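Notes for the one structure printed next.
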Amino acid sequence: MTNRILPAICHARPISGMIFSAVLAFGLCAAVPAKAQDSKPVRGGSITVSQTADAQPRNILTLRAGNSPWVKNVFETLTQTDPKTFEVKPLLAKSWKVAADGLSMDIVLRDDVTFHTGRKMTSDDVKFTLETMALPETAAQVGFIAKEFQSIDVTSPTTLTIKFKKPLANIFDLFEEANVIDKETYAKREDGSQVIGTGPFKFAKWTPGASIMLERYTGYRDRNLPYLDSIEFAIITDSTASVSALRSGRSVMATGLSQNDLVEFEGNPQYQFLNSGGAIYPFGVNVTKAPFDKKEVRQALGYAIDRQRINEQVFGGIGTPTDLFWGVGSPGYGEEQANRYNYDSKKAKALIEKAGATGAKVPIIVPSIPANRSIFEIVQNNLKEIGLAPEAVVLDVADFDKRQVAGDLGPAFLLIHGQVGFSTATLLSSLPSLRQGNPSGFWSDQYVTLRNAVTAANSPDATDKAVKALSDYMLDEAFSLPLLQTPGQTILSDTLKGVKATLRSQMLYGEAYLAE
């Protein structure tokens with residue numbers, strides 16, 4: 001195993017100037033490139049980036065795989081979290097101040113920001129963006145945070161005050177994903193004709209299913225950026241073809257490749273690897289359906305599944321086996337809790353026998369995603385070893401997504417949640433496995449009380465205590481069992497320098513350049 005394949009795991013640190021610093025989530029840091037970037041930035045040049053998912057210009061305010069490679073270069077947000085230090089830094093916001101009671105926030109915006117139309121960005125645009133995030137039809141994963149606003153009052157073109165219904169520990173999760181939109185052109189984005197932001201690149205052309213073209217925004221407030229003239233994002237849905245494009249030089253970067261494809265580039269000095277964001281892979285069960293209505297059976301699953309084997313055989317060792325949904329190093333993350341269910345097939349089998357569940361048939365719904373199907377092969381063998389009779393029910397992704405939203409996935413299911421990087425307070429309401437209406441059919445007064453304690457915590461000690469108490473309860477109930485967390489990996493040619501990534505795997509090309 002080479003060093004490049006190991007994820008760089010950060011530990012959360014307090015955020016300066018922020019009252020709710022302790023609840024910031026962790027992320028898997030951008031890995032140091034295989035070769036040091038010792039060349040000086042060069043202006044000019046165009047690049048092609050291949051991506052496996054199609055772009056969706058209408059879904060500017062939602063997390064979509066097809067938008068992650070480009071959207072943060074056309075649009076910007078109020079704040080941006082450093083993926084290494086976890087410090088929340090100003091971007092479009094110049095400064096902010098939270099009231100002592102946590103029920104309001106005053107925000108001061110930069111006064112030198114323009115949209116790609118040339119119009120100045122104002123507080124009205126920010127208000128429009130945040131209000132749009134809260135609309136059900138927007139389907140923003142963190143839109144529920146904006147629904148907790150009592151009001152947004154514009155006090156000047158560069159200042160506004162947000163009043164909250166209750167203290168919002170996860171407000172910066174919202175700010176990080178609320179791409180500020182031009183209220184005058186937002187309705188015209190659907191056909192790609194007017195996709196207007198404030199970023200260093202402007203949206204130039206979209207050919208559905210084929211490509212997106214970005215061009216340098218010459219009116220960007222930092223006159224030195226960006227260095228590149230243009231970026232073409234080629235939609236290559238076939239992973240093998242994407243690898244070929246990278247090897248031939250037709251593209252200098254590829255996103256969305258499978259682990260098997262990435263292994264081909266291991267140890268090759270002509271390529272770099274960038275780790276960021278990632279996914280959580282839980283195994284969930286419906287507590288209202290036999291045999292999982294018995295806690296002993298649910299706990300048996302925790303001991304039965306060999307997480308380390310999954311990590312090594314499916315993900316090449318890049319993941320982090322864990323029994324927790326929260327990020328490694330985040331407030332309240334405990335190593336003992338993270339390893340509560342160490343692999344112990346004998347203990348698992350004894351629990352199954354005690355519950356009288358030996359021989360029980362276990363249909364497991366699996367989305368037609370290579371990683372999930374590979375995970376199932378290991379889980380299947382693990383469950384057979386303890387006396388259960390598992391069988392796969394494979395669904396295409398679209399059908400799986402619909403049933404997941406509806407909370408209808410049968411007795412057992414293998415999930416994937418690409419939300420690594422969000423705070424614990426946000427994950428509780430954004431993850432299908434944990435939110436109300438979850439496919440496990442699990443909801444109790446004690447669960448609600450413990451969840452509320454996490455979202456209300458406003459100090460490091462309070463957050464640590466609340467998250468650990470919730471974790472103990474969830475581990476005991478065992479309604480949804482995380483197996484591991486894995487980083488997202490992107491492959492780049494060594495000729496491309498300065499590419500960065502956000503906590504949630506969105507690529508940033510503002511300082512990218514081609515080495516001479």
Side-chain angles (χ1 to χ4, degrees), residues 44-76 116-117 179 181-182 185-186 188-218 220 225-258 261-262 265 271-272 274 276 397-398 418 488-493 495-502 505-514:
S46 300
I47 64 171
T48 297
V49 176
S50 61
Q51 61 180 72
T52 56
D54 196 7
Q56 301 171 356
R58 80 174 303 272
N59 294 318
I60 295 304
L61 299 176
T62 61
L63 289 165
R64 291 289 184 271
N67 290 347
S68 291
W70 64 269
V71 72
K72 294 298 186 185
N73 301 280
V74 175
F75 295 89
E76 295 176 303
H116 299 150
T117 58
N179 299 314
I181 51 181
D182 174 15
T185 63
Y186 179 66
K188 302 176 183 178
R189 74 199 181 285
E190 298 222 13
D191 63 357
S193 60
Q194 293 197 55
V195 183
I196 307 298
T198 64
F201 290 92
K202 60 182 181 180
F203 196 97
K205 184 180 180 181
W206 175 44
T207 304
S211 67
I212 309 163
M213 179 67 74
L214 305 186
E215 295 177 351
R216 176 195 294 149
Y217 174 42
T218 56
Y220 193 59
L225 299 178
Y227 298 119
L228 295 171
D229 292 327
S230 64
I231 308 174
E232 179 183 11
F233 295 85
I235 314 301
I236 305 177
T237 56
D238 180 79
S239 187
T240 301
S242 188
V243 169
S244 297
L246 189 62
R247 288 194 178 281
S248 67
R250 286 184 289 124
S251 67
V252 295
M253 181 172 172
T255 66
L257 296 184
S258 69
D261 289 324
L262 288 168
F265 297 93
Y271 300 95
Q272 313 165 51
L274 187 64
S276 62
V397 175
Q489 291 193 298
T490 300
I491 179 78
L492 302 80
S493 165
T495 60
L496 180 60
K497 308 295 185 181
V499 178
K500 298 180 180 180
T502 70
S505 297
Q506 296 129 335
M507 297 295 116
L508 303 172
Y509 303 94
E511 298 178 21
Y513 63 95
L514 289 168

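The chain is numbered in sequence order, starting from 1. Since the model is a prediction, treat every value here as computed from it, not as a measurement.
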Notebook entry, point to check: Heavy atoms, side chains only, cut-off 4.5 Å: are Arg189 and Gln194 in contact?
Noted result: no
Next item on the list: Drop me the distance from Ser242's OG to Arg250's CZ, to the nearest 0.5 angstrom.
Entry: 9.0 Å
Notebook entry, point to check: Could you go step by step and tell me if Leu508 and Thr502 meet the side-chain contact (heavy atoms from CB on, under 4.5 Å) rule?
Noted result: CA-CA 7 Å; Leu508 303 172; Thr502 70; 4.0 Å; yes
Note to self: As a quick check of understanding, evaluate side-chain contact (heavy atoms from CB on, under 4.5 Å) for Ile181 and Ile196, giving each step before the final call.
What the structure shows: CA-CA 7 Å; Ile181 51 181; Ile196 307 298; over 6 Å; no
Next item on the list: Side-chain contact test, heavy atoms from C-beta onward, threshold under 4.5 Å: evaluate it for Ile212 versus Lys205 and give yes or no.
Entry: no
Next item on the list: Would you check if the side chain of Asn179 reaches a backbone N or O of Phe75 as a donor-acceptor pair within less than 3.5 Å?
Entry: no
Next item on the list: Compare all side-chain heavy atoms of Val74 with those of His116 and state whether any distance is below 4.5 angstrom.
Entry: yes
Notebook entry, point to check: Which pair of non-hydrogen atoms, one from Gly209 and one from Ile235, has the smallest distance, and what is that distance?
Noted result: O-CB, 3.8 Å
Item checked: Smallest separation among heavy atoms of Leu496 and Ala512, with atom names -> CD1-CB, 4.3 Å
Item checked: Any donor-acceptor pair under 3.5 Å from Asn59 side chain to Thr62 backbone -> no
Next item on the list: Please round to the nearest 0.5 Å and tell me the distance separating atom OG1 of Thr48 and atom CD1 of Ile236.
Entry: 9.0 Å
Margin query: Can you tell me how far apart CD (Glu215) and NZ (Lys202) are? Round to the nearest 0.5 Å.
Written below: 6.0 Å
Check: Between Tyr509 and Trp70, is the ring centre distance below 6.0 Å?
Finding: no
Note to self: Please report the interatomic distance CD1(Ile231) to OG(Ser211), rounded to the nearest 0.5 Å.
What the structure shows: 13.5 Å
Checklist line | Thr207 and Met213: CA distance, side-chain angles, deciding distance, side-chain contact (heavy atoms from CB on, under 4.5 Å) verdict | finding: CA-CA 9 Å; Thr207 304; Met213 179 67 74; over 6 Å; no
Item checked: Sidechain-backbone polar pair: Ser493 side chain, Thr495 backbone, donor-acceptor under 3.5 Å -> yes
Notebook entry, point to check: Do Ser46 and Ser230 meet the criterion of a side-chain donor-acceptor pair at a distance under 3.5 Å?
Noted result: yes
Item checked: side-chain contact (heavy atoms from CB on, under 4.5 Å) between Trp206 and Asp54, worked out -> CA-CA 10 Å; Trp206 175 44; Asp54 196 7; 4.1 Å; yes
Notebook entry, point to check: Does NZ or CZ of Arg216 fall inside the cone over Tyr227's six-membered ring, less than 6.0 Å from its centre and within 45° of the axis?
Noted result: no
Note to self: Side chains of Thr117 and Asp182, heavy atoms from C-beta outward: is any pair under 4.5 Å?
What the structure shows: yes
Notebook entry, point to check: Are Thr255 and Thr52 side-chain neighbours, meaning at least one heavy-atom pair lies under 4.5 Å?
Noted result: no
Note to self: Angle between ring planes, Phe265 versus Tyr271, binned at 30° and 60°: parallel, tilted or perpendicular?
What the structure shows: perpendicular
Check: Does a side chain donor of either Ser68 or Ser505 reach within less than 3.5 Å of an acceptor in the other side chain?
Finding: no
Next item on the list: Can you measure from CD1 (Ile47) to CG (Leu492) and round to the nearest 0.5 angstrom?
Entry: 8.5 Å
Notebook entry, point to check: At their closest point, which heavy atom of Gly510 faces which heavy atom of Leu225, and how far apart are they?
Noted result: O-CD2, 3.4 Å
Next item on the list: Taking the side chain as every heavy atom from C-beta outward, state whether Gln489 and Leu274 have any atom pair closer than 4.5 Å.
Entry: no
Next item on the list: Taking all non-hydrogen atoms of both residues into account, name the closest pair between Thr490 and Met253 and its distance.
Entry: CG2-CE, 3.4 Å
Notebook entry, point to check: Does the side chain of Tyr513 reach to within under 4.5 Å of the side chain of Val499, using non-hydrogen atoms?
Noted result: no
Check: Minimum heavy-atom separation for Phe233 to Pro69, with atom names?
Finding: CE2-O, 3.4 Å
Margin query: With a 3.5 Å distance limit and no angle check, can you tell me whether Gln51 reaches the backbone of Gly66 through a side-chain donor-acceptor pair?
Written below: yes
Notebook entry, point to check: At what distance, to the nearest 0.5 angstrom, does CG of Leu262 lie from CG of Leu257?
Noted result: 5.0 Å
Check: At their closest point, which heavy atom of Asn73 faces which heavy atom of Met507, and how far apart are they?
Finding: ND2-O, 3.0 Å
Next item on the list: For Ser248 and Ser244, indicate whether the former's side chain and the latter's backbone hold a donor-acceptor pair under 3.5 Å.
Entry: yes
Checklist line | Side-chain heavy-atom pair Glu76, Pro200 within 4.5 angstrom cut-off | finding: yes
